[in-house]
Undergrad: 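Please read through the structure below; I'll follow up with questions.
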Amino acid sequence: MSDLLDNPDKRIRQKAQFELATRGSDGLEIFKAKLSANSGQLARIHAIWGLAQLSRSGESNAGKLLVPLLNDTDQEIRAQAARWLGDIRYKEAEDKLIPLLQDLSVRVQFFAAEALGRIKAEQAVQRCSLFILLK
């Protein structure tokens, strides 16, 4: 099943993702394994999406697994991690999201700002005002 997260056909990748998300802790372990930099980008993105699904269904460890991805070398992985941390309103990621407001990728900056808004990060408003003043 985990091999299907690398499939070139998006429909197959999504079906595999949704199936794994219904498997609870078994799916969590597969998503966790796919997050490594050794996996392909598409498999990693579907693992991120799957973890967000698990988090919305009550899996408390899913958000913790996304936070380290905010420092990934792949800008799309950083963007997706920020996007879904905001979607699941993972407040514990606030300190890691704030620096992404100055990421080289505008896409990462956007999703970090959106995530900070969703988690109602008051500290980010103060830091963002400081960034604007320094420019």
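For clarity, every value in this text was computed on a predicted model and none was experimentally measured. Position 1 is the first residue of the sequence, and the numbers go up from there.
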Undergrad: Tell me whether Glu76 is salt-bridged to Arg44, with the criterion being a basic N under 4.0 Å from an acidic carboxylate O.
TA: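 The answer is no: the pair does not qualify as a salt bridge.
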
Undergrad: Tell me whether Phe18 is reachable from Ile48 by hopping between hydrophobic residues (I, L, V, M, F, W, Y) whose side-chain heavy atoms are closer than 4.5 Å.
TA: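 Looking at the clustering, Phe18 is in a separate group from Ile48.
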
Undergrad: Go through it in stages, so that I can follow the logic: the residues are Leu54 and Asn61, the test is side-chain contact (heavy atoms from CB on, under 4.5 Å), and I'd like the CA-CA distance, side-chain angles, deciding distance and then a yes or no.
TA: CA-CA 9 Å; Leu54 284 171; Asn61 292 324; over 6 Å; no

Undergrad: Tell me whether Leu42 shares a hydrophobic cluster with Ile30, the cluster being built from Ile, Leu, Val, Met, Phe, Trp, Tyr side chains joined at under 4.5 Å.
TA: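 In one cluster: no.
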
Undergrad: Which value, rounded to the nearest 0.5 Å, describes the distance between Leu35 atom CG and Leu66 atom CG?
TA: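 Going from CG on Leu35 over to CG on Leu66, the span is 7.0 Å.
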
Undergrad: Is a salt bridge present between Glu19 and Arg23, judged by a nitrogen-to-oxygen distance below 4.0 Å?
TA: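 Between Arg23 and Glu19 there is a salt bridge, with a charged N closer than 4.0 Å to a carboxylate O.
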
Undergrad: Do Leu97 and Phe111 come close enough that some side-chain heavy atom pair is under 4.5 Å?
TA: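 Leu97 does not reach Phe111 side chain to side chain.
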
Undergrad: Taking Lys34 first and then Asp6, would you say they form a salt bridge - that is, a charged N and a carboxylate O separated by under 4.0 Å?
TA: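 Answer for the salt bridge query: yes.
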
Undergrad: Compute whether any side-chain donor of one residue and acceptor of the other, for Gln41 and Asp74, lie under 3.5 angstrom apart.
TA: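 There is such a pair (donor and acceptor under 3.5 Å, judged by atom type) between the side chains of Gln41 and Asp74.
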
Undergrad: Can you tell if the side chain of Leu65 reaches within under 4.5 Å of the side chain of Leu28, non-hydrogen atoms only?
TA: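 Leu65 reaches Leu28 side chain to side chain.
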
Undergrad: Can you confirm whether Leu51 sits close enough to Trp84 that some side-chain heavy atom of one is under 4.5 Å from a side-chain heavy atom of the other?
TA: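 SC-SC contact between Leu51 and Trp84 ruled out.
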
Undergrad: So do Phe110 and Arg83 actually touch side chain to side chain, heavy atoms under 4.5 Å?
TA: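 Result no, sub-4.5 Å side-chain heavy-atom pair not found.
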
Undergrad: Just checking, any donor-acceptor pair under 3.5 angstrom between side chains of Trp49 and Gln80?
TA: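 Result is yes, a qualifying pair exists.
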
Undergrad: Between Leu4 and Lys15, is any pair of side-chain heavy atoms under 4.5 Å apart?
TA: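 Not in contact.
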
Undergrad: Would you indicate whether the side-chain heavy atoms of Leu100 and Gln109 approach each other to under 4.5 Å?
TA: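 Of all side-chain heavy-atom pairs linking Leu100 with Gln109, none is under 4.5 Å.
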
Undergrad: Should Leu70 and Arg78 count as side-chain neighbours, where that means a heavy-atom distance under 4.5 Å?
TA: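 No. Closest side-chain heavy atoms not under 4.5 Å.
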
